[in-house]
S.K.: 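Before I ask anything, here is the structure I am working with.
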Amino acid sequence: MSIELHIERLVIDEAALGGERAAGVRAAIERELAWRLAQPGAVDALRGLGAVATLPPATLPTASHPHERLGVRIATAVQHGLGITPAARVAGKEH
């Protein structure tokens with residue numbers, strides 16, 4: 001299965017960046033979404049969804065810990081918008 005995900009417009013208030021660089025946020029979103037879309041159940045959820053032109057605006061989830069990066073939180077919002085159930089995370093494991 002081939003997945004193409006295009007984020008054509010992402011508006012982030014400068015205050016939400018919290019000192020992060022925009023390029024770093026972009027890389028984190030790409031890395032995090034690639035990891036999330038490779039998790040068990042993601043492909044089945046996407047098959048059930050089919051082609052989608054847009055997702056509704058989403059509220060950024062609250063950070064689960066003080067140092068959680070913005071890219072991870074944005075990927076969580078996209079994952080939720082696509083209807084993909086979050087995979088369990090292993091504490092301390094980087095992906």
S.K.: At their closest point, which heavy atom of Glu68 faces which heavy atom of Thr62, and how far apart are they?
M.R.: OE1-O, 4.2 Å
S.K.: Checking Ala42 now: which residues fulfil side chain to side chain contact (heavy atoms under 4.5 Å, CB included) with it, not counting sequence neighbours?
M.R.: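 Applying side chain to side chain contact (heavy atoms under 4.5 Å, CB included) to Ala42 gives Ile84.
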S.K.: Quick one: which residue pairs count as a salt bridge (Lys or Arg N to Asp or Glu O under 4.0 Å) with a foot in residues 13-23, not counting sequence neighbours?
M.R.: Glu20-Arg69
S.K.: Could you work out, with side chain to side chain contact (heavy atoms under 4.5 Å, CB included) as the rule, every residue matching Leu17, not counting sequence neighbours?
M.R.: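 Result, side chain to side chain contact (heavy atoms under 4.5 Å, CB included) vs Leu17: Ile12, Val25, Leu70.
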S.K.: Minimum heavy-atom separation for Ala28 to Gly71, with atom names?
M.R.: CB-CA, 3.9 Å
S.K.: Show the numbers, then the answer: is there a side chain to side chain contact (heavy atoms under 4.5 Å, CB included) between Thr76 and Arg36?
M.R.: CA-CA 9 Å; Thr76 299; Arg36 289 169 185 256; 2.9 Å; yes
S.K.: Is any side-chain heavy atom of Val78 closer than 4.5 Å to a side-chain heavy atom of Ile29?
M.R.: no
